[in-house]
Amino acid sequence: MHRGFDSLGPCCSVGWNSNGVTLTTSSAQVDIKALSHSVVRVRMVPQADANLRLPPSFAVVEPGWPIPEVTCEETAGHVRLSTSNITVEAQKNPLRVSFVRPDGMPVAADSPAHGMGSTERGAGCYKAFAPGTHFYGFGERTGFLDKQRTAMTLWNSDVNPHTPGTDSLYVSIPFFIAFSGQSAYGIYMDTAARATFNMGRPKFMPWTSEINLRPLPYPEVETGEYWFGTEEKRLDYYFFAGPKIPDVVRAYSDLTGRMQLPPLWALGYHQCRFSYCPERQVREVGRMMREADIPCDAIYLDIDYMDGFRVFTFNPRHFPDPAGLISDLGKDGFKVVTIVDPGVKVDSQYPVYRQGRRKRVFVRRPDGKTYKGRVWPGVVGYPDFARPASRRWWADNHKILFDAGVRGIWNDMNEPSNFATDTGTIDETALHGEPGAEVEHAYVHNAYGNLMGQATREAFARLLPNTRPFVISRAGCGGIQRHACVWTGDNSSWWEHLLMAIPMCCNMSLSGVSFVGADVGGFMDNADPELVTRWTQFGSFVPLFRSHSMIRSVPQEPYTLGEPYTSICRKYIKLRYRLMPYMYTLMRQCAQDGTPVMRPMVYDFSDDSATHAMYDQFMLGPDIMVAPVYLPGAVARPVYFPRGRWASLETGQIVESMGEHILVGCPLDQIPVYLREGAILPWGREMSYVGQRGQAIESIDVFPSSGASGNIFSIYVDDGETLDYKDGKFGFVDISYSAREPGGLRLTITSRDECYPCTMDVGVVHILGMSATPGRVLLNEAPLSRVASRDELDRHGFFCDPVTGSITLGLHVPSRHVAVDIGF
Ligand code: GLC
């Protein structure tokens, strides 16, 4: 247990209020409130700290949940608050809170011995858990997917390089999902201060030694207990009842807000390096990408584009004409993304610093003077993004970048990093907030990246009002998805890091951050062409697809790799562009309801215990399963196939599984990617960049499920770049199939284009996994004739492939009122 942990004693008064109850002990007040039928907020404030000044929540938004119906009950020993989905049961002596499902099963019960209480520096809670419980989430963490038996500190840190033993990274999200194997619940502890978790890490052996060991950063737990706590005097947590993992994830994202739909180009391939400089090198990257026929939408300018690393400047020698450069790149279809670090160089000749000082926008020392740290430019001041006036000032400074044509902003070093201290960040006693209402950095720390992201979004809103922002951030806390997408910081060009990126991105996704990716090829150290190739294959199925590498590392751009590597990267990057209709539809769904885009196997297959800790393969949306290759020289890898039929995306070959691992061949030019039975997968056109050609549905894979009568997939379509979609300017192309007796199939394709023109050409349809040859195929009631080879399908007709059992239909019609009937 925590040294100095002051556990709650008996409850001495009970006060009911709307949807909730306030319980008072001699040391604290505990407020419990049902926010929806499955979300409950628990807030403990020590009596001694009732007037403590703490910042407002940086993560929680008004979710707009309907007020739940609540029933209340009080007995001599207990207080109960029930919604249709969960009962909060508070035992009075000592005060302990637990949650009980409608079937009577208690979950997330305070541990009888400890429960909630105060620590020397903060507050926290011990809860009981059943053996075998899996824990997912926690934002950006090293290691595997399941965090059972691990202890963690959440404190945004610039660590370089990180290894599996690294504790804190750049993004801290104090949210987790506890999954028993049958049902799930979630807990989000709302804090931007340092947080600790101990999810059942076995205790150290008691032993005696003269060595003076440093105390552990997190408290130890008894068997069957876990801990979460914060270095903030109040404890404020939200309980999500589930009972399924997707219910928990969606409710968490209701609470902390949704990703905004990114511009479509942001789903393309991004090329980055520290740094392309001077301008000639940037042009060279653009030219080589197009010459080598590697699709690419974004080129990044790292810190060297600036004048002495002064933010909001261009280096006059190396980038004499940024607008000219960006306009030329634009003609070739590239967007330019510039890095913007928070540290503002202390330099009395530098207008941004001078103005910032005059406007008093910087974080202050306790004595009121500007707090100074050290980052790339040397001595810097840090904008106090917690103040609206500082955010606005920061936003307006983006004019020089946007005027030059920059369309994406890369927020880095925003933990914030400080090379001048042992802690690597700002002193915890530095002050944020309005004069007279200051809050210490310790309580704002993990939110600094969010606040910077908020300021950057404000820059877009003020200066490019109808352009969708693209903001990429290294740091963040709960709710960062509202402001920015996230890359996982300075990974290394190690095979181990390719593997680790899978669970890392999946846990980020479960923590609300779907638009996430790791630097393809790895940032630090030197990547060999095979590693870059395998990483590119994996990256092509990850929402954020950016290649990046460190100064002085060997080149990693796909066109530098040599053959066969360049061609294989080209193949996968092209595949990514063809996946856009599916990917964009998933992103839109996430923006609507928080459904994660990339997710661990357990998200879709929680009934299958083999998936519960699975970290080396993942689902992209509900229908695509990806098994990256993460070992050098591999020619095969075991892939787990949940029960059912799966079709290879590469060959259309069907795998029928009882729920088993199968060794799958993966020569260098292939990674195992499978389509789930029942799926409808639209493929777009090949493009060198988004918008190069009009959209079309080149082909559709339909994989009818033997068990289900039909399915529908609605491709989401809008202009991909403005905010007009918010005014309803979007449409859908609905693709559906349904089983027809006896054994037949009807396929329909219809555009819903009343508000946005989204009718496009449909080329061919592949119907996968059919065992019989159709007797007749009708396209809008006119018969299609059978052709002898697939090559003849550039016109109407159908072809049966006896090897894979697929039927390919040449349709070549607009996506309007299309009906295909297949009879056997
Ligand atoms: C940090 C970033 C990295 C960037 C470098 C230089 O290390 O994480 O992506 O290239 O700074 O700006």
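Worth knowing before you read on, the calculation uses all heavy atoms, side chains too, and leaves out hydrogens, waters and symmetry mates. Position 1 is the first residue of the sequence, and the numbers go up from there. Every number for a ligand or one of its atoms is a count from 1 in the order of the listing.
The aromatic rings of W155 and H445 sit parallel to each other, their planes meeting at less than 30°, with 60° as the upper class boundary.
Just one of W487, Y300, Y269, W410 meets the ring pair (Phe, Tyr, Trp, His ring centres under 6.0 Å) condition when paired with H548; it is W410.
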Any protein N or O within less than 3.5 Å of an N or O in ligand 1? List each pair with its distance, or say none.
unit_1, atom_1, unit_2, atom_2, d
ligand 1, 7 (O), D490, OD1, 3.4
ligand 1, 7 (O), D490, OD2, 2.7
ligand 1, 8 (O), R474, NH1, 2.8
ligand 1, 8 (O), D490, OD1, 2.5
ligand 1, 8 (O), D490, OD2, 3.4
ligand 1, 9 (O), H548, NE2, 2.9
ligand 1, 10 (O), D302, OD2, 2.5
ligand 1, 10 (O), H548, NE2, 2.9
ligand 1, 11 (O), D412, OD2, 3.0
ligand 1, 12 (O), D302, OD1, 2.5

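Counting only heavy atoms from C-beta outward, the side chains of L620 and M583 approach each other to under 4.5 Å.
Considering every non-hydrogen atom in both F362 and G356, the closest pair reads CE1-C, 3.5 Å.
No donor-acceptor contact under 3.5 angstrom links the side chains of Q355 and Y350, judged on distance only.
Geometric assessment of R290 against the ring of F334 yields a positive cation-pi assignment under the 6.0 Å and 45° thresholds.
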